[in-house]
Every structure is written in structure tokens, then in C-alpha cells.
Amino acid sequence: MKIVSAEQMRALDRLCIEELGIPSLVLMARAGEAVAETAFELLYEQPGPVVVLCGKGNNGGDGMAAARLLDEAGHDVHVILPFSEESLSPDALAVYRQVKADGILIEPQVSDEELRSAALVIDALLGTGVTGPVTGVMGSLISRTNARRGGKGVLAVDLPSGVETDTGKILGPTIFAEVTVTLALPKPCLVLYPGAQQAGRWTVADIGIPAEAIEMSPCVAEVTERAQAVSWMPRRSPTAHKHSVGWALIVAGSFGMTGAAAMAATSAYRSGVGLVRLALPASLVPALNAVLTEVVFRPVPETRAGTLSFQAVKPLIAEASAMQAALIGPGLSHNAATQNAIRRFVAQWPGPLVVDADALTAMVGADELWGQRNAPTIITPHPGEMSYLLSKTVPELEEDRIATAKEAAKRFNAIVVFKGTPTVIAAPDGETFVNPTGNAGLAVAGTGDCLAGSIVALLAQGLPALHAAALATYAGGLAAEMLSDSIGIMGMTALDLIDGLPYALKELAR
């Protein structure tokens, strides 16, 4: 599902009106119908009076169109319009006159008591054009609405009034909604925090824009949909064997960090790869050999500190030649010799590669090495690692996660999995997915190692790099959601996630 910016949505509206001949009032009427349908559902659960807060633009017109339908259905509706008739947009003015003709109560002000007693407040104050803090009468209405029940019983039209559409920034008073009915296509603020938190649960309303027009429209990103994840799932032939479903090399682990290597390797197996070869410092093999029965170990030269040595590069390249994909990074340490070895491996290994964790730290300031790679490359930074890679502060990166992921993908010529909420997956050509699955149970050590192992497994099974990254992220989030139903999110561990992966993949294989 496409996510569009404010300007892209305006361009799509113009296309429909000016080139496809769809009257703007028809689009407004359909928007009103969609808002009213959701309002009916909320009022069925909690009946009572409805207050519709309307601005002077088309967002206000959408709200008034919904008010007419609610009134026709017998609901007690009160429209609040703190603007003169002369200041309304042409379409909003047309609907305003219909509302007046219907005898619906329209007033410029609303009391706190009326806001508190309303079963539902519909926020139709502002649309996608907010560029700064909302002040004056609308700022006051927003603050007073939020004070009533902390968002409960508030329905936002298109997006919560006050949020910055393209970034999700909160610049001043912003509606806190229980439900948002977004029109035609979702906007970035519905998936980017903190705006996403203000929007509550959101649904997309079909307002009659032809599918062909939506298909032609440019977008900021896509929300990964379940149907897409299902279509990307690897399919096994009845005659499949371990040589036909992918081999992966994982270069991971150091003294005190063997768990990262173990979790990445186990996660790869749980994601369907046929064979995992785990290369790690020779002295660490006996300990892991006792617990990882499926893994084929490849001991490699190590430093005195029990980390990967630069002497390991040549045998690692030789080992990787028999693999369909490789992963380097989990638990490798920041040892200087190890970091040198990592850079050499990244530059010399000619196959598909996932670069994670300590390997990302090794690549800071070595941008020229990314350019030496011709095979697909996937990097998986969390905000701290991305901060080092792009030389920006974490708050700067979080101002627009989509833009950050795109910048990194282009700069490093790699698929970027920018971990966080939400996780954003971006390709160098600009194609971008925002992952909708997951929960706070993932906020625990080791889940990044699990994700990296899952990605390399799917990559080894022949998936295109972008799809491998997006599917692994989606499946991991789905596993966390399924686990939360049984064990909750408090106390969920990376090992739980690994155990849950096959069940999530089973759901997607149907």
C-alpha cells in the first residue's frame, strides 16, 4: 500500500479532478461517507451526541459531509465552525450550505461540558497543509478536545490535526485520536512517530480514486502488506534437498559474545535455509559445538583477545565461494584487527552479503569500500549505528526515518534495514517499505541477531535482496505479535522469537 506525501496527495487530487473529470464535490461526498461509516461503528459501541470540529478548508468540508449523514441516520449532531462563511474553501462552502439547509446546528464555539459529554468528537479541523504549530482558536479546540478523554471517542479525518504530514513531527497542539480515517492513501505521519501515536488505529477510505491513478502516482514508500509477504515466501519443491534450498555462511562471535553467533545461526535455520556454516574464532568452537547441533563449524584464525584475525580473511573468502549468501557482524567485537578483517571481507567477497552489528562499525568512514561491491548488499543498522554511518545525531535521524533510510541506501549502494519503530527498508533506487508488524516485545538484546540470520537465510534461498529484507522483517514482527498473544511482551526473549519464526512463516506460507 503506497504512502504519499502531502504534495503527492494534492497532485493525485488534481489528476482526478482536472484530467479524469471526477468532480471535487464527489470526492468530498465519498470522504464524508467513509468517515460516517466509521463513526457509525464507534457510536454503536458508545451511543450519544456527536460534535464535529470543522476547519475552513476541504478537511472541514469532509467533516460537514459526514455530519449530514450522521444527522440523516438520527444522531444528535453539532457542527463547530469557528470561521466565517466567506473564509471557507469553495467545496467546503457548498457543503456548509447543505448542512444549514438540513437544519443541523452550526455554532462558532463549543463548551467544555459539551466536549466532555459527546460520545464522539470528529476532528476535521486541518488537513495535510500543517507546517507549524497550531495556534489561536484551533489550537485551543485541539487542546480542549485532548483534555476530555485522552483520545477516547475521537475520530480524525485524514490525519490528526496539528501533526506534520510528511514527518510525523508534533510541533504544537495535536489531536490525540482513537481512530483516524485517512483518505485514499496513508500519509507518512500515520507510520512515523510521534505522529503515529496521535493517530491511534487508522483505516484507509476508498473515496473513488481509480486504481490506475493510484498506480501511476509516485509515493514516499509502501507499507508492506500481508499479501506481498505471502507472495515473497520461498516455495519448496517436493524433491527439495539441503543443497537446493540455500547455503549461508555466518561470520560471527568473539570471546564473551558467542550468543550473537548462536542466535544468528539458529534463526537462519528457522527461516528455512538448507545449511549454515558458522565461521568464528577457533577457540570458541568447542563451547558452541555442544549446543548447536545443526551448524557446520569453520574455525578461523583469531587474535589474542579471542576475536577474528585479519589472517582469517583468505580462508573466509574461500569458504564463502560455496555459499549462496553470507552474513558478517554479530558479536565480532570492535577489536582493531577484527575491524580490519571485516573491511577486507566486505570489499573482497563477491556474493550477496548481509552486514550487521560490529561489521557496520568497522565500515564507518570506509564508504569507498561499498562501491567496490557489485553483488547485493544488505545493511541492518539500529539508530546508534546509523548515527555513526551518516555522522548525524540520533534525533536528527529520527526526524524522518523514511528519508534517513533512503539517504543511507543511496550513499552506501545497499539495501538498508533501518531498525526501530517503524523499521524502514530502502533500496538505492528509492523503492522503500515500511514494516507494519511487531511490538515492544522486540525491545530486547538479540533480536537484531535473529533478524540478520533470517535475512541471510532468505537471501540464500534466492529471494531478491529487497524482498528478503522486507520479508524477514515482516515475519519477525509477526512472530512477536503471535508470541504476545501467548506469553505477552514483558519477558519475551530473542530465543522466544527464534522459536516463533517457523509459526510466523507457516502463516505466510498458506
Side-chain angles (χ1 to χ4, degrees), residues 1-5 8 163-169 182 185-197 199 202 218-226 228-229 232 354-357 360 370 376-390 392-440 442-443 447-448 450-452 454-455 458-459 463-478 480-481:
M1 182 189 306
K2 289 185 172 182
I3 302 171
V4 293
S5 68
Q8 287 167 342
V163 69
E164 192 170 80
T165 308
D166 294 347
T167 66
K169 290 181 184 176
T182 196
L185 289 167
K187 318 306 183 292
C189 63
L190 299 179
V191 298
L192 296 177
Y193 284 77
Q197 189 169 4
W202 55 269
C219 65
V220 171
E222 293 183 58
V223 177
T224 305
E225 296 187 79
R226 187 185 182 96
Q228 288 175 307
W232 296 333
V354 182
V355 183
D356 179 53
L360 291 170
W370 299 115
T377 307
I378 301 172
I379 67 174
T380 58
H382 57 56
E385 291 159 345
M386 187 71 92
S387 175
Y388 292 130
L389 287 167
L390 293 181
K392 294 183 178 180
T393 66
V394 170
E396 286 175 320
L397 301 176
E398 294 286 5
E399 283 184 356
D400 188 338
R401 298 194 114 250
I402 294 173
T404 295
K406 287 185 173 185
E407 178 187 349
K410 188 174 181 179
R411 175 169 166 178
F412 305 127
N413 190 35
I415 306 297
V416 173
V417 180
F418 185 23
K419 295 182 290 194
T421 307
T423 294
V424 181
I425 304 98
D429 65 0
E431 188 173 2
T432 304
F433 291 96
V434 176
N435 187 62
T437 61
N439 55 40
L442 291 169
T447 54
C450 298
L451 176 61
S454 187
I455 293 172
L458 295 171
L459 198 58
L463 267 67
L466 181 61
H467 293 172
L471 176 57
T473 307
Y474 189 97
L478 179 59
E481 291 175 357

Could you give me the CA-CA distance, side-chain angles and deciding distance for Trp370 and Ile379, then say whether side-chain contact (heavy atoms from CB on, under 4.5 Å) is met?
-> CA-CA 11 Å; Trp370 299 115; Ile379 67 174; 3.5 Å; yes
Any chance you could measure [X], atom [atom1], to [Y], atom [atom2], to the nearest 0.5 Å?
{"X": "Leu390", "Y": "Phe418", "atom1": "CG", "atom2": "CZ", "value": "8.5 Å"}
{"X": "Asn413", "Y": "Thr377", "atom1": "CG", "atom2": "OG1", "value": "7.0 Å"}
{"X": "Leu192", "Y": "Thr165", "atom1": "CG", "atom2": "OG1", "value": "11.0 Å"}
{"X": "Asp166", "Y": "Ile3", "atom1": "CG", "atom2": "CD1", "value": "11.0 Å"}

Counting C-beta onward and ignoring hydrogens, is there a side-chain heavy-atom pair between [X] and [Y] closer than 4.5 Å?
{"X": "Leu459", "Y": "Val354", "answer": "yes"}
{"X": "Gln8", "Y": "Pro218", "answer": "yes"}
{"X": "Val223", "Y": "Phe433", "answer": "no"}
{"X": "Cys189", "Y": "Glu164", "answer": "no"}

Derivation and outcome, side-chain contact (heavy atoms from CB on, under 4.5 Å), residues Arg401 and Val434 = CA-CA 10 Å; Arg401 298 194 114 250; Val434 176; over 6 Å; no
In terms of side-chain heavy atoms, does Lys187 have a donor or acceptor partner in Thr182 at a distance below 3.5 Å?
->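 Distance-only check passes for Lys187 and Thr182.
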No-hydrogen, no-angle side-chain donor-acceptor test under 3.5 Å, Asp356 and Thr380 | yes
Side-chain ([X]) to main-chain ([Y]) donor-acceptor, under 3.5 angstrom:
{"X": "Thr167", "Y": "Asp400", "result": "no"}
{"X": "Thr432", "Y": "Gly430", "result": "yes"}
{"X": "Thr447", "Y": "Leu442", "result": "yes"}
{"X": "Ser387", "Y": "Pro383", "result": "no"}
{"X": "Asn439", "Y": "Ala480", "result": "yes"}
{"X": "Thr404", "Y": "Leu397", "result": "yes"}
{"X": "Lys406", "Y": "Val220", "result": "yes"}

[X] to [Y] - nearest heavy-atom pair and separation:
{"X": "Leu360", "Y": "Leu389", "value": "O-CD2, 3.8 Å"}
{"X": "Gly448", "Y": "Lys419", "value": "CA-NZ, 3.8 Å"}
{"X": "Leu458", "Y": "Ala468", "value": "CD1-O, 3.7 Å"}
{"X": "Ser454", "Y": "Ala472", "value": "OG-CB, 3.6 Å"}
{"X": "Thr437", "Y": "Gly477", "value": "OG1-CA, 3.3 Å"}
{"X": "Trp202", "Y": "Val191", "value": "CZ2-CG1, 4.0 Å"}

Among all residues two or more places apart in sequence or in another chain, which pass the ring pair (Phe, Tyr, Trp, His ring centres under 6.0 Å) test with His467?
->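 If we apply the ring pair (Phe, Tyr, Trp, His ring centres under 6.0 Å) test to His467, skipping adjacent residues, the hits are Trp232.
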Let me see the working for Glu222 and Gln228 under side-chain contact (heavy atoms from CB on, under 4.5 Å), right down to the final yes or no.
-> CA-CA 11 Å; Glu222 293 183 58; Gln228 288 175 307; 3.2 Å; yes
By side-chain contact (heavy atoms from CB on, under 4.5 Å), Tyr193 pairs with (sequence neighbours left out) Ala196, Gln197, Thr421, Pro422
Take Ile455 and Val417 through the test side-chain contact (heavy atoms from CB on, under 4.5 Å) and record every step on the way to the result.
-> CA-CA 10 Å; Ile455 293 172; Val417 180; 4.2 Å; yes
Test: Glu407 and Lys410 ion pair at under 4.0 Å =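 Salt bridge between Glu407 and Lys410, a charged N being under 4.0 Å from a carboxylate O: no.
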Charged N to carboxylate O under 4.0 angstrom, Glu225 versus Lys2?
->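 Between Lys2 and Glu225 there is no salt bridge, as every charged N stays at least 4.0 Å from the carboxylate O atoms.
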Mind checking what makes side chain to side chain donor-acceptor pair (under 3.5 Å) contact with Glu396, not counting sequence neighbours?
-> Thr393
